[in-house]
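Right, one structure below, let's go through it.
Because only heavy atoms are used, hydrogens play no part in the values below, and waters and symmetry mates are left out as well, while side chains stay in.
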Amino acid sequence: MKLQSSLILGRLCGWTPVDRAERQKVIVDISNSKSARAEARGSNKRCSLALKCLAICASMIFASTTTALATPPDKTKTTESHVTTQHKHTNSLINSTSPYLLQHAHNPVDWHEWGEVAIQKAKDEDKLIFLSIGYAACHWCHVMEHECFEQEDVAALLNEHFVSIKVDREERPDIDEIYMAYTQASTQHGGWPMSVWLLPDGQPFLAGTYFPKDRFMSTLNQLGDGWLNDREKIFNSATAAQQFFADWSVSSAPATDVISRKVVDNGANNFARYFDKAKGGMSGGGSNKFPPSMAMDLMLRAYKRSNNSDLMAAVKVTLDQMARGGIYDHVGGGICRYSTDVDWLVPHFEKMLYDQGMVSGIYLDAYQVTKDPLYAYTAADIFDYVIADMQDPDGGFSSSRDADSEGLEGKFYIWTVEQINHILGPDDGKLFCDYYDVTSRGNWFEHRGHAPAGAKNILHITTPPDAFAKAHGLEVGQFTQKLKTWRSKLMQVRSKRVPPPLDDKVLTGWNGLMIASMAKGARVLDEPKYADAAAKAADFILDHMRKDGRLLRTSRKGQARLTSYLSDYAFFIDGLINLYEATGQRKWLDAAVELTETSIKYYFDEGSGGFFFTANDAEQLIARSKNSRDGAIPAGNSIHAMNLLRLAVLLDRKDFRVSAESIFKDLGASTNRSSMSHERLLCAVDFYHDRVKEIVIIGDPEDEATKALMRTVYETYIPNKVVVTSAKPDPDSDLPLLKGKQMRNGKPTAYVCENYSCKLPVTDTTKLASQLTAK
């Protein structure tokens, strides 16, 4: 019964489904391996320790308030605080650089940022710590703030019995990762807002996600009383948590060999089996779907070698449905974080920078494979959206655009028939409504009270444009022009609405993901403005987000701070390598090498190989992890393995290849058991085992013949390649691929090599294409 209460809490408290989807990947993968079942049993034993923590406190916490869980958020409470302009309270978060923390700076709760001051306060005052973790674009974080943290009676309880700490998970992913691991293990779900109660020394003993007000106050009352009168139960729970972290932070013994290519193929085929054949993607055991960008990357790689039509079909239906669904913003561009239904219709409306980077990247890859113009359009539209809405004048890309505006989810994005007809007129209005499924009844039926009332429509496409045009007696070109005109008119109207807030902090790692995709897009789409935007962002990070040669995590309003994590180095280096290949400018490659050597100095595990998530001189938390699984974003080790392999080829750095091999060995055991949780790592493994194409182009970048050779390189899907360019022969270059390379007959010339052994140089694009596609 106690465990059942915790599961009720999970189902009704709005956890973020990415974690459930991630868990489903692991469950699916484990079910296919007998050897993995033993690992699953071991994992369950470790999780049971944390579940014991919950059970010990359950009688105290979950006993009398389960009925409160069924109460939906009250609409009036959700909207009230957004019109409040007077600030009765101000707490220490007012000095934060995080927009998420600043959202809570006028709560009556006496919030503190994570740090020595808050921890010492808890020790000095002998109080428990209430730790709340979320992010600025998180809808349910807003709901809990309005229901709980803005309320005087809730604040009185927190201020009397607890030291309250608020953390932006995007600024402090190290803290988020540790306490999320505990939350998931002890409650069997996870997400944001994350609510964790700690001893004064930081050890957790109870966790959950979103709490309605009645439930939250009951929990605070009982914990406050328990701390005063019955500490033994709480200490016992914290002791069990210590054992959980002792097991959690220990890696499996490194494998003796690197991960095999067979594991790559098995992972890709497993994904294809579990993709929704009609609508694409995976629902993770529920109705929610996230863009599976990394899985599709792996599947396309396997498809290139195997020509397995099931892999291509799964990728294509997913990309088609996402591009036409409501998860995509058909007016302003860009993709939302996930859909709340299997049809990709109703999104959770926040737009995250990392999704723009990863989703645009997989559309580029699919365009190279299929030549489908929809994929090129979608990638370009995402880039244009990011440049217009998320790029700061100084160059950095902002982190996210919120789901809510004026206190209501999705209000900025929805339409009615009357609005459409007013903007476009009755004739075009009817055509528009037919195409985008806008009806008088509406297509989004939200009953939780935090969406706009009445009929509301999310734009999505049910019929491909060519078929729709034919059915309505229009030429495709004529209809395409109408779509552009309609979009422009709706954009003008929508721009006058109150927009969802922008989290304008610049995160190094997330910028790296966007830079990498945009730089690649400049070449695939033959559009230099995307390279310019990527370079502007990279310059901002190199100029303003480094201290003593080391990257900083976050920057906002001229203040850069916090030691970076492995993911920041890995993602940004990936972006720098792509920028070098797209532009030929050596400064990007030099910066990538310098930062790679820094990452090895501060993050590399000299004992078992691989890289730690935090630096060896960073703040010591209750555990230190390798952050090995690919989740909503790739693991740092996954991206960095690919970086090391690419740089090893570009520079003939065998030590970098050895470092990459150490990642494969260190994570080999867990990857072999659970390949579907390591899809981006397996992409690096695919690179490792492949005959990598080493492509060199010598010629003036402004010469049309040089541009034609570059277009030929990037119109072909070659995931495992490196590209080196030079405006003229450079016999003294320290890049091994440029040594001895000359122009043929004074013309721009291309070389295709493998292991530094090159085919005959060519100046003709047809011959180059033949060399690139040769087995």
Side-chain angles (χ1 to χ4, degrees), residues 261 264 297 300-308 312 364-372 376 519-526 531 577-578 580-584 589 642 645-652 657 683-684 686-731 733 735-775:
R261 174 164 270 177
V264 176
D297 184 354
L300 284 180
R301 288 168 176 272
Y303 168 75
K304 178 176 173 59
R305 287 186 286 101
S306 67
N307 205 31
N308 181 345
M312 190 66 240
L364 292 174
D365 290 342
Y367 174 64
Q368 289 177 315
V369 175
T370 66
K371 302 301 184 288
D372 189 331
K520 182 169 73 171
R523 283 302 179 188
V524 174
L525 304 175
D526 196 21
I577 297 172
N578 278 11
Y580 167 70
E581 293 190 342
T583 66
L589 181 60
M642 182 73 86
L645 292 173
R646 294 169 73 190
L647 291 174
V649 175
L650 286 166
L651 302 162
D652 195 19
R657 185 175 176 85
C683 292
D686 182 66
F687 186 103
Y688 177 84
H689 288 294
D690 204 6
R691 294 160 56 190
V692 175
K693 290 281 193 294
E694 303 154 357
I695 303 166
V696 182
I697 295 181
I698 311 293
D700 182 349
E702 299 304 317
D703 190 315
E704 287 302 319
T706 305
K707 293 179 180 179
L709 293 174
M710 289 295 289
R711 281 193 292 270
T712 302
V713 169
Y714 281 95
E715 70 186 10
T716 308
Y717 178 64
I718 311 171
N720 299 327
K721 67 177 183 296
V722 296
V723 180
V724 177
T725 59
S726 179
K728 58 184 179 180
D730 186 3
S733 174
L735 295 180
L737 286 169
L738 284 179
K739 290 182 178 178
K741 303 296 191 299
Q742 300 292 328
M743 296 176 70
R744 191 176 185 184
N745 300 322
K747 298 179 180 179
T749 303
Y751 294 78
V752 178
C753 316
E754 291 178 9
N755 198 24
Y756 305 106
S757 177
C758 302
K759 298 180 181 181
L760 290 175
V762 296
T763 59
D764 178 77
T765 56
T766 303
K767 292 180 180 179
L768 174 58
S770 178
Q771 290 186 355
L772 290 172
T773 56
K775 298 291 186 181

Gln742 CD to Lys728 NZ distance, which is reported to the nearest 0.5 Å: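 One finds 12.5 Å between CD of Gln742 and NZ of Lys728.
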
Spacing of OG1 belonging to Thr725 relative to OH belonging to Tyr580, to within rounding of 0.5 Å: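 Taking OG1 in Thr725 and OH in Tyr580, the distance rounds to 5.5 Å.
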
If you look at every heavy atom in [X] and [Y], which pair is closest and at what distance?
| X | Y | result |
| --- | --- | --- |
| Ala376 | Leu525 | CB-CD2, 3.8 Å |
| Ala531 | Thr583 | CB-CG2, 4.3 Å |
| Asp690 | Asn720 | OD2-ND2, 2.9 Å |
| Tyr367 | Val524 | CD2-CG1, 3.9 Å |
| Thr749 | Pro761 | CG2-CB, 3.5 Å |
| Lys693 | Glu754 | NZ-OE2, 3.3 Å |

Mind checking side-chain contact (heavy atoms from CB on, under 4.5 Å) for Thr370 and listing every partner two or more places apart, or none if nothing turns up?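 With neighbours one apart ignored, the set is Met312, Asp372, Tyr375.
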
With a 3.5 Å distance limit and no angle check, can you tell me whether [X] reaches the backbone of [Y] through a side-chain donor-acceptor pair?
| X | Y | answer |
| --- | --- | --- |
| Lys371 | Glu715 | yes |
| Gln368 | Pro719 | no |
| Asn745 | Lys747 | no |
| Thr712 | Ala769 | no |
| Arg523 | Arg711 | no |
| Tyr756 | Val649 | yes |
| Asn755 | Ser757 | no |
| Ser733 | Leu735 | yes |

Under the ring-ring contact (aromatic ring centres under 6.0 Å, His included) rule, collect the residues that match up with Tyr688, sequence neighbours excluded.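 Tyr688 satisfies ring-ring contact (aromatic ring centres under 6.0 Å, His included) with Phe664 once adjacent residues are dropped.
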
Note, [X] side chain near [Y] side chain (heavy atom, < 4.5 Å):
| X | Y | answer |
| --- | --- | --- |
| Leu651 | Leu589 | yes |
| Ile698 | Leu738 | yes |
| Asp365 | Arg301 | no |
| Pro701 | Lys707 | no |
| Leu709 | Thr765 | yes |
| Val724 | Lys741 | no |
| Leu650 | Ile577 | yes |
| Arg744 | Tyr751 | no |

Between Val723 and Ile697, does a side chain to side chain contact (heavy atoms under 4.5 Å, CB included) hold up when you go through it step by step? CA-CA 8 Å; Val723 180; Ile697 295 181; 5.5 Å; no

Can you list the steps and then say if Lys304 with Val369 is a side chain to side chain contact (heavy atoms under 4.5 Å, CB included)? CA-CA 9 Å; Lys304 178 176 173 59; Val369 175; over 6 Å; no

Check the surroundings of atom NZ in Lys767: do more than 12 heavy atoms from other residues, nucleotides or ligands lie under 6.0 Å from it?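 No, because the 6.0 Å sphere around NZ of Lys767 holds 12 heavy atoms or fewer from other groups.
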
Take Arg305 and Asp686, measure what side chain to side chain contact (heavy atoms under 4.5 Å, CB included) needs, and give me the verdict at the end. CA-CA 10 Å; Arg305 287 186 286 101; Asp686 182 66; 3.1 Å; yes

Check the pair Val752, Glu694 against side chain to side chain contact (heavy atoms under 4.5 Å, CB included), reporting the backbone distance first and the verdict last. CA-CA 6 Å; Val752 178; Glu694 303 154 357; over 6 Å; no

